[in-house]
Amino acid sequence: MGASILTARNLSKVVPSAEGELTILHELSLELNKGDSLAIVGASGSGKSTLLGLLAGLDLPSGGEVVLAGQALSTLDEDQRARVRAEHVGFVFQSFQLLDSLNALENVMLPLELDGRKDARARATELLERVGLGRRLSHSPRQLSGGEQQRVAIARAFAAEPDVLFADEPTGNLDSHTGERISDLLFELNQERGTTLVLVTHDERLAHRCRRLIRLEAGLLVAPLEP
Ligand SMILES: Nc1ncnc2c1ncn2[C@@H]1O[C@H](COP(=O)(O)OP(=O)(O)O)[C@@H](O)[C@H]1O
Ligand SMILES: [Mg+2]
């Protein structure tokens, strides 16, 4: 039995719509331990990104609660939630979301500098070497391929040594070979550092490498797969 790092209890999200209230997530519960890996799968529009946003404290639920690294997120204000995220969470998005005005090294250094770390440059360099981009430090995102940009995004997400890495379709914009390399990298870092992975994905191979998998259908959890 490992230590719990992320718990969701009866999580719901209801949004207003022209036809009245729309439930986009219904009473979902799950618990993850340190070092776990979870795949969230389901058709487009089934609520995957909504769930990820709630678990990461980017959005607040209409009902239920999320406990991340021992903190009940709904009891915190926006600044406090931002601090929990900065301390415990990393993100990787389908669209990479790197800053074009910064080179690869600077993109990875940014969260470390914001965190006041004196070793930002050395640590960012080491991470980029780790993801195979030691010779691309001064390249701008525009000069990098999609796979290289996603590796920079992963280095950036791992920079602050998060307890949980959230990724929304991290291989979605990549060819299958490059996607496989990105998956390898995520699981290497998961094994080496015990980082918990929470991945939204359409990529069957990536999903099945995770220790646990949940499937959403119209905001309902339909297939929990226990370890
Ligand atoms: N803020 C919102 N307001 C209204 N509808 C939303 C909002 N966010 C998401 N939705 C709707 O909720 C459903 C689930 O969205 P989403 O979580 O993005 O699905 P997925 O990531 O699985 O494709 C979709 O039908 C989407 O249009
Ligand atoms: Mg989505």
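In what follows, every heavy atom counts, from backbone to side chain, and hydrogens, waters and symmetry copies are set aside. Order of listing sets the numbers, starting from 1, for every ligand and every atom in it.
- For the atom pair NE2 of His177 and OG1 of Thr171, the computed distance is 13.5 Å after rounding to the nearest 0.5 Å.
- Put simply, no part of Gly42 is less than 4.0 Å from ligand 1, judged by heavy atoms.
- The presence of a protein heavy atom under 4.0 Å from atom 27 (O) of ligand 1 is ruled out.
- Under the 4.0 Å criterion applied to side-chain N and carboxylate O atoms, Arg212 and Asp36 are assigned as salt-bridge partners.
- Between Gly45 and ligand 1, at least one pair of N/O atoms sits closer than 3.5 Å.
- With salt bridges taken as basic N to acidic carboxylate O contacts below 4.0 Å, none links Asp203 and Arg209.
- Salt-bridge annotation for Arg123 and Glu161: present, with a side-chain N of the basic residue lying under 4.0 Å from a carboxylate O of the acidic one.
- In summary, Thr50 places no N/O/S atom under 2.8 Å from the Mg ion (ligand 2), failing the contact criterion.
- Any N or O atom pair closer than 3.5 Å counts here, and Pro16 shares no such pair with ligand 1.
- Here the protein heavy atom with the shortest distance to atom 2 (C) of ligand 1 is Val15 CG1, 4.0 Å.
- Listed by atom number, the atoms of ligand 1 under 4.0 Å from Ala43 heavy atoms are 22 (O).
- Between Leu127 and Phe158 there is a side-chain heavy-atom pair separated by less than 4.5 Å.
- Shown here, atom 13 (C) of ligand 1 is in close reach of the protein: a heavy atom of it lies under 4.0 Å off.
- Here atom 10 (N) of ligand 1 lies nearest to Ile24 when heavy atoms of Val41, Ile24, Asp168, Thr23 are compared.
- With respect to atom 17 (O) of ligand 1, the closest heavy atom belonging to the protein is Thr50 OG1, 2.5 Å.
- Comparing Ser49, Ala218, Gly53 by heavy-atom distance to atom 21 (O) of ligand 1, the nearest is Ser49.
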